[in-house]
Amino acid sequence: MNFALTEEQEAVRKMLRSFVDKEIIPYIQEWDANWHFETSIMKRLAELDLMGVCIPEQYGGAGMDYNTLAIVCEELERGDTAFRTAVSVHTGLNSMTLLQWGNEFQKEKYLVPQAKGEKIGAFGLTEPNAGSDVAAMQTTARRDGDEYIINGSKTWISLCDVADHFLIFAKTDKDKGHHGISCFIVERTYPGVSTKAIKGKLGIRAGNTGEVFLEEVRVPAENMLGDEGEGFKIAMSALDNGRFTVAAGACGLINASLEASVKYCHERKTFGKEIGKHQLVQQMIAKMSSNLEISRLLVYRAGWLKNEGKRNTRETSLAKWIACDAAFEAASDAVQVHGAYGYSNEYPVERFLRNAKAPVIYEGTREIHTIMQAEYALGYRSDKALRQMLPSWPFEEE
Ligand SMILES: Cc1cc2nc3c(=O)[nH]c(=O)nc-3n(C[C@H](O)[C@H](O)[C@H](O)COP(=O)(O)OP(=O)(O)OC[C@H]3O[C@@H](n4cnc5c(N)ncnc54)[C@H](O)[C@@H]3O)c2cc1C
């Protein structure tokens with residue numbers, strides 16, 4: 001067992017930390033206040049070769065391991081959840097799914113430009129009446145010659161207004177429940193695709209989230225990812241990667257909450273001493289610090305399983321559940337440590353608290369992960385190898 005980061009991973013962490021300190025933290029309060037998604041950050045990440053950090057070089061990526069993706073996500077969310085969400089969706093949910101399930105044509109056409117950051121990918125699973133209950137989706141795809149015609153709508157889709165490509169899940173057979181869902185690569189430019197941002201969100205205000213409408217959208221049959229009826233399995237395997245990035249990002253939010261709280265503990269005095277000297281304040285700091293360690297270990301174990309090419313649904317779900325709950329608690333305690341000042345946007349911790357809520361809801365709510373963990377423990381659920389597995393790391397050149 002080796003717990004040390006490699007020199008390459010340390011270098012990525014250092015580079016990202018300095019990038020976030022210089023190019024995100026000084027501006028984020030203004031972007032958040034103005035509901036502004038700064039797309040240049042994604043361009044800068046592409047210049048740093050980080051939009052496809054764990055995609056093989058042969059498909060335009062940086063060819064690094066899956067835990068390097070975790071490091072990227074942790075450091076980005078130390079700046080703001082919006083940019084980590086962007087990488088979660090573009091790399092975790094979309095590009096890694098193309099890597100796992102795509103054929104050579106699909107990888108060349110869609111994965112390569114996404115890994116280089118020239119095109120942006122999004123993930124359309126949730127619908128107005130189907131979130132946790134994926135099989136309740138109403139979007140349909142019907143075959144017409146060499147095409148499928150998609151009708152329906154998706155909601156709460158991150159990057160909806162900026163994405164070039166969407167993975168869209170639709171029912172190809174309404175009578176088959178989970179087995180009747182298929183996955184399609186849909187380009188924004190296809191006639192009948194339109195998007196609209198959701199306003200009034202609690203948090204991630206510096207990010208873009210919204211609806212995708214699909215009206216008689218003709219998609220070439222060659223854009224079906226995997227086989228007809230394989231969409232549910234593809235969606236769940238995509239979530240194994242998305243959830244991994246969300247868990248890693250949660251570590252960054254815990255770290256940001258801890259850093260801000262430690263700083264304030266040394267600045268603020270009550271009853272003649274720094275507040276950090278009061279034991280009840282120390283209890284909150286101790287919780288943040290220990291939860292950061294616990295969450296990171298769970299994330300890195302899931303990343304190690306990915307590197308080994310093994311199923312990791314159980315371990316990734318555990319990391320996501322524990323880290324996101326811990327991040328929400330850390331952000332809430334960070335506001336508490338700051339007292340009334342924490343309740344205003346003079347300090348960043350109120351934004352941390354608002355941002356920390358969405359990851360407890362998306363990519364499997366806290367309740368869904370609780371049930372999953374109970375089902376594994378009770379023997380009601382187990383994982384078998386999938387028809388297509390994410391490639392192990394180091395990647396083999398083909
Ligand atoms: C900021 C943000 C970004 C998002 N980005 C994306 C994206 O890019 N792509 C995408 O497809 N989706 C995205 N989502 C949607 C997200 O994945 C869903 O909101 C999530 O899956 C939950 O679905 P729901 O909101 O419909 O809640 P519901 O499924 O309606 O759940 C409502 C409540 O009931 C509970 N519940 C439901 N079923 C059970 C059960 N069996 N047992 C116990 N409790 C249960 C839930 O835990 C929750 O508390 C995003 C959401 C947010 C907030």
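Predicted, not measured: the structure shown is a model, and the values here were computed from it.
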**Request:** May I have the step-by-step check of side chain to side chain donor-acceptor pair (under 3.5 Å) for Y59 and Q114, ending in yes or no?
**Result:** CA-CA 9 Å; Y59 297 119; Q114 286 184 195; over 6 Å; no
Cluster question for you: counting only ILVMFWY and a side-chain heavy-atom cut-off of under 4.5 Å, with indirect links fine, are [X] and [Y] together?
X	Y	value
L125	M96	yes
I120	F83	yes
L5	W304	no
L253	I322	no
F232	I234	yes

Is the shortest side-chain heavy-atom distance between [X] and [Y] below 4.5 Å?
X	Y	answer
L69	V87	yes
M236	T313	no
I204	Y362	yes
I254	E329	no
F213	C160	no
I71	Y300	yes
R188	T195	yes
F328	L353	yes

Checklist entry - side chain to side chain contact (heavy atoms under 4.5 Å, CB included) between V72 and M64: does it pass, once the steps are laid out? => result CA-CA 11 Å; V72 169; M64 295 188 190; over 6 Å; no
Discussion item. Quick one, I198 with T155, criterion side chain to side chain contact (heavy atoms under 4.5 Å, CB included). Give me CA distance, side-chain angles, the key distance, then yes/no.
Written reply: CA-CA 9 Å; I198 291 173; T155 192; 3.9 Å; yes
message = One pair to check against side chain to side chain donor-acceptor pair (under 3.5 Å): D240 and S237. What are the steps and the verdict?
response = CA-CA 5 Å; D240 284 347; S237 75; over 6 Å; no
Between [Y] and [X], does any NZ, NE, NH1 or NH2 come within less than 4.0 Å of an OD or OE carboxylate oxygen?
X	Y	answer
R142	E216	yes
E259	R78	yes
K171	E127	no

Checking [X] side chain against [Y] main chain: does a donor-acceptor pair fall under 3.5 Å?
X	Y	value
S290	A286	yes
Q29	N345	yes
S295	L292	no
H369	G364	yes
N94	A122	yes
S95	L111	no
N307	Y66	yes
T172	G180	yes

- Message: Just by distance, no angles: are the side chains of Q283 and D333 close enough, under 3.5 Å, to form a donor-acceptor pair?
- Response: no
In Å, rounded to the nearest 0.5 Å, how long is the span from [atom1] of [X] to [atom2] of [Y]?
X	Y	atom1	atom2	result
Q106	E104	CD	CD	10.0 Å
R351	W31	CZ	CH2	10.5 Å
E367	T370	CD	OG1	6.0 Å

query: So D383 and R314, salt bridge (Lys or Arg N to Asp or Glu O under 4.0 Å) or not? Walk me through it.
result: CA-CA 8 Å; D383 296 328; R314 181 179 188 169; over 6 Å; no
Which pair of non-hydrogen atoms, one from [X] and one from [Y], has the smallest distance, and what is that distance?
X	Y	answer
R84	E77	NE-OE1, 2.6 Å
V281	C265	CG1-SG, 3.6 Å
V349	A334	CG1-CB, 3.6 Å
E187	V193	O-CG2, 3.9 Å
G242	L93	CA-CD2, 3.8 Å
C54	T91	SG-CG2, 4.3 Å

Under 6.0 Å between ring centres: does that hold for F169 and F123?
yes
Using the ring centroid of each side chain, check whether F184 and Y148 are separated by less than 6.0 Å. yes
* Parallel, tilted or perpendicular, as decided by the 30° and 60° cut-offs, for the rings of Y264 and Y341 -> tilted
Exercise for the section: Quick one: sort the W393 and F395 rings into parallel, tilted or perpendicular, breaks at 30° and 60°. Expected result: perpendicular
Could you go through the side chain to side chain donor-acceptor pair (under 3.5 Å) check for N312 and T316 one step at a time?
CA-CA 6 Å; N312 52 85; T316 298; 2.7 Å; yes
Begin with the C-alpha distance, continue with both residues' side-chain angles, and end with the deciding distance and a verdict on side chain to side chain contact (heavy atoms under 4.5 Å, CB included) for R387 and K233. CA-CA 10 Å; R387 185 175 73 76; K233 275 194 183 145; over 6 Å; no
- Query: Can a cation-pi geometry be assigned to K306 and F244, taking NZ or CZ under 6.0 Å from the six-membered ring centre and within 45° of the ring axis?
  - Reply: yes
CA sep, side-chain torsions, deciding dist, call: E74, R296, salt bridge (Lys or Arg N to Asp or Glu O under 4.0 Å): CA-CA 9 Å; E74 180 183 330; R296 272 186 184 149; 2.6 Å; yes
Give the intermediate values and the outcome of side chain to side chain contact (heavy atoms under 4.5 Å, CB included) for residues Q373 and S317.
CA-CA 8 Å; Q373 293 304 317; S317 155; 3.0 Å; yes
Residues at least two apart in sequence or cross-chain that pass side-chain hydrogen bond (donor to acceptor under 3.5 Å, both in side chains) with R354, listed by chain then number, are D32, E350
With sequence neighbours left out, the residues meeting salt bridge (charged side-chain N to carboxylate O under 4.0 Å, His left out) with D325 are R366
**Message:** What verdict does the salt bridge (Lys or Arg N to Asp or Glu O under 4.0 Å) test give for K320 and E363, after you've listed the backbone C-alpha separation in whole Å, the side-chain angles of each residue and the deciding distance to 0.1 Å?
**Reply:** CA-CA 9 Å; K320 195 272 182 188; E363 305 222 22; over 6 Å; no
Contacts of N2 meeting side chain to side chain contact (heavy atoms under 4.5 Å, CB included) (sequence neighbours excluded), chain-then-number -> A4
Counting neighbours of CD on Q336 that are heavy atoms of other residues, nucleotides or ligands and sit closer than 6.0 Å, is the number greater than 12?
no
